[in-house]
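Whatever order the structure lists them in is the order used to number ligands and atoms, beginning at 1.
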Amino acid sequence: MATQRILDFLATRRPSGPCLIVDLEVVRDNFNAFRRALPDSKIYYAVKANPAPEILRLLASMGSSFDTASVAEIEMAMDAGAPAERISYGNTIKKERDIARAFELGIRLFAVDCVEEVEKVARAAPGSRVFCRVLTDGAGAEWPLSRKFGCVPALAVDVLRQAKTLGLDAYGVSFHVGSQQTDLDAWDRALSDARQVFDALAAEGIMLRMVNMGGGFPTRYLRDVPAAEAYGEAIFGALSRHFGNRIPETIIEPGRGMVGNAGVIKSEVVLISKKADNDNVRWVYLDIGKFGGLAETMDEAIRYPLITPRDGDETAPCVLAGPTCDSADVMYEKTPYPLPVTLTIGDEVLIEGTGAYTTTYSSVAFNGFEPLRSYVI
Ligand SMILES: *Cc1c(COP(=O)(O)O)cnc(C)c1O
C-alpha cells in the first residue's frame, strides 16, 4: 500500500517514468506476521516474487530461508547472505547441469514431481534430500498454478520410493494451493493428500519427515483477505486433523504474501480517448502495461487498486490499457475500471499491491520501453 514512506519518497525524489517503490518496513512486518502465525514452520521466501537485493538481504538477516527456481536465484540468495542450508531448489523442472552446479554451491534440498527428475537429482546431487510435489486443483486461487507442477499422490509414492532406491533422502511432500488463495480450506485438502503419501510410504518402511505447504498467501488488492493469523489457525488445524500429534516438520514459501503489499508503482496517464463519439467507456492509457510489469492482469486475474489525484470526484467506467503497440496490452476491458471523469492526461496514477510479480515480469525493451525500475526504501 502507499505508505507514508513511499509517498515521501515520491514527493522528494520525483522519479521520472514508471517505477516501483518498495517499503522494506512492510516486508519486515510481513515476515514477522508469518513467523507469529506459523511459529513452527520454516519460512522459505519465494525469490521469484521480487529478488531485489535489499529485500533478500533483509530477509536473510531476519533468518528467512529461500525457495529458488534457478542457479541465478540461488546465487542471489547466497549473495544476500543466506547459507546454502537455508536454500531449496524448488523448481521441479531443472537441467541436470544446473542441479550439479547447485550441488557444488552446497544446495542439498530439491523438489521433484516425477521419476525422471529423481534420476537427474540422484546423479547430479547424490544423497540430497528431495520432496515430491503433489498436484492441487487450485480452486479458490485468483492465480492458479494449474497442472504444470506436481503429480497425483499415488505417483508421488513411486517417485519417493525411487528416490530412496537411488540413494537420496526421501524427505517429504510439497504442494502449492495456487497463488492469491483466499479459501482457507485449500490447505486442508492438500494436507489430506500429503498424509496419504506419508502413510503409503510408512507401510513400506520409508518415513517421510517434512511437508512443504508452499505459497498462496494473499495480498489485499480491492477486496479484504483473511489475515496471516487466520491462515495460521486454519493450517495448524488442518495439520492436527491429518497428522494428529505427529505433526512433521513444515515449510511455507510465501512470495506474494511477503512483498505484494510492500510495493507501489508510480505511473502516468499518457492518453484518454474514445473510440466513437457516443461511447460511454473511455480508454485510459498508462505509461505501464502488461509488458512493463503488470503481467498478472492477464485474463484480468489480478485487479490492482489505483489511486489518482482526482479520487472523490464522480467516476465512470474506463478500459485501462498500456502504452505498447500490442493489442494484448490491455489490463481491464471485460470488467471496466471506474475512474474519475476529471482524470486528465499527465495525471500521476499509483498502482497499489505491486511489490510481487512486477519487476520480474517486465520485458527488457519491448517497443523500446525500459524494464520496470525499482527503488527499495
Ligand atoms: C511461486 C512459488 C511460490 C510463491 O507463491 P505465492 O503464491 O506468491 O506465495 C512458492 N513456492 C513455489 C514452489 C513457487 O513456485
Side-chain angles (χ1 to χ4, degrees), residues 22 27 30-31 33-34 37-38 41-52 55-56 59 64-70 72-74 76-77 86-94 102 107 109-113 117 130-151 156 171-184 186-187 190 194 210-221 225-226 228 231-232 235 250-263 295-296 298 301-302 304 353-361:
V22 174
V27 179
N30 288 339
F31 183 81
F34 278 119
L38 287 154
S41 296
K42 282 206 189 110
I43 300 172
Y44 280 66
Y45 171 59
V47 172
K48 75 172 185 286
N50 191 327
I55 294 174
L56 300 184
L59 291 172
S64 186
S65 297
F66 295 87
D67 166 52
T68 64
S70 63
E73 282 190 355
I74 290 169
M76 289 181 218
R86 284 206 257 137
I87 298 173
S88 76
Y89 199 162
N91 192 344
T92 51
I93 305 155
K94 303 173 285 299
I107 308 302
L109 183 56
F110 295 87
V112 294
D113 68 359
E117 191 75 10
V130 292
F131 55 86
C132 185
R133 182 153 167 183
V134 291
L135 276 170
T136 62
D137 60 13
E142 282 172 37
W143 190 257
L145 297 171
S146 81
R147 293 176 53 80
K148 180 168 173 186
F149 310 102
C151 61
Y171 185 39
V173 172
S174 77
F175 55 79
H176 193 302
V177 293
S179 203
Q180 188 68 9
Q181 177 57 266
T182 49
D183 177 5
L184 295 173
W187 280 268
M210 189 278 291
V211 179
N212 176 341
M213 303 187 287
F217 307 95
T219 279
R220 185 185 190 287
Y221 296 108
V225 295
Y231 283 84
I235 289 173
T250 54
I251 283 176
I252 55 168
E253 299 176 327
R256 186 187 307 279
M258 189 73 85
V259 292
N261 66 341
E296 287 200 313
M298 208 183 294
I302 299 292
Y304 294 108
T354 43
Y357 304 119
T358 51
T359 53
T360 39
Y361 273 149

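In this structure, Asn50 and Leu56 approach most closely via the heavy-atom pair O-CD2, 4.4 Å. Of all heavy-atom pairs spanning Ala111 and Gly90, the tightest one is CB-O, 3.4 Å. Scanning both residues, Ala356 and Val259, for their nearest heavy atoms gives CB-CG2, 3.7 Å.
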query = Can Thr92 and Arg133 be said to form a side-chain hydrogen bond (donor to acceptor under 3.5 Å, both in side chains), step by step?
reply = CA-CA 8 Å; Thr92 51; Arg133 182 153 167 183; 5.5 Å; no
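Below 30°, between 30° and 60°, or above 60°: for Trp187 and Phe217 the angle between ring planes is below 30°, a parallel geometry.
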Contacts table for ligand 1: protein N or O within a distance under 3.5 Å of ligand N or O, distances only.
from	atom 1	to	atom 2	distance (Å)
ligand 1	5 (O)	His176	NE2	2.8
ligand 1	7 (O)	His176	NE2	3.4
ligand 1	7 (O)	Ser179	OG	2.4
ligand 1	7 (O)	Gly216	N	3.0
ligand 1	8 (O)	Arg256	N	2.8
ligand 1	8 (O)	Tyr357	OH	2.6
ligand 1	9 (O)	Gly216	N	3.0
ligand 1	9 (O)	Gly255	N	2.9
ligand 1	11 (N)	Asp67	OD2	3.4
ligand 1	11 (N)	Glu253	OE1	2.6
ligand 1	15 (O)	Lys48	NZ	2.8

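A 4.5 Å side-chain heavy-atom check between Phe66 and Leu59 finds at least one atom pair inside the cut-off.
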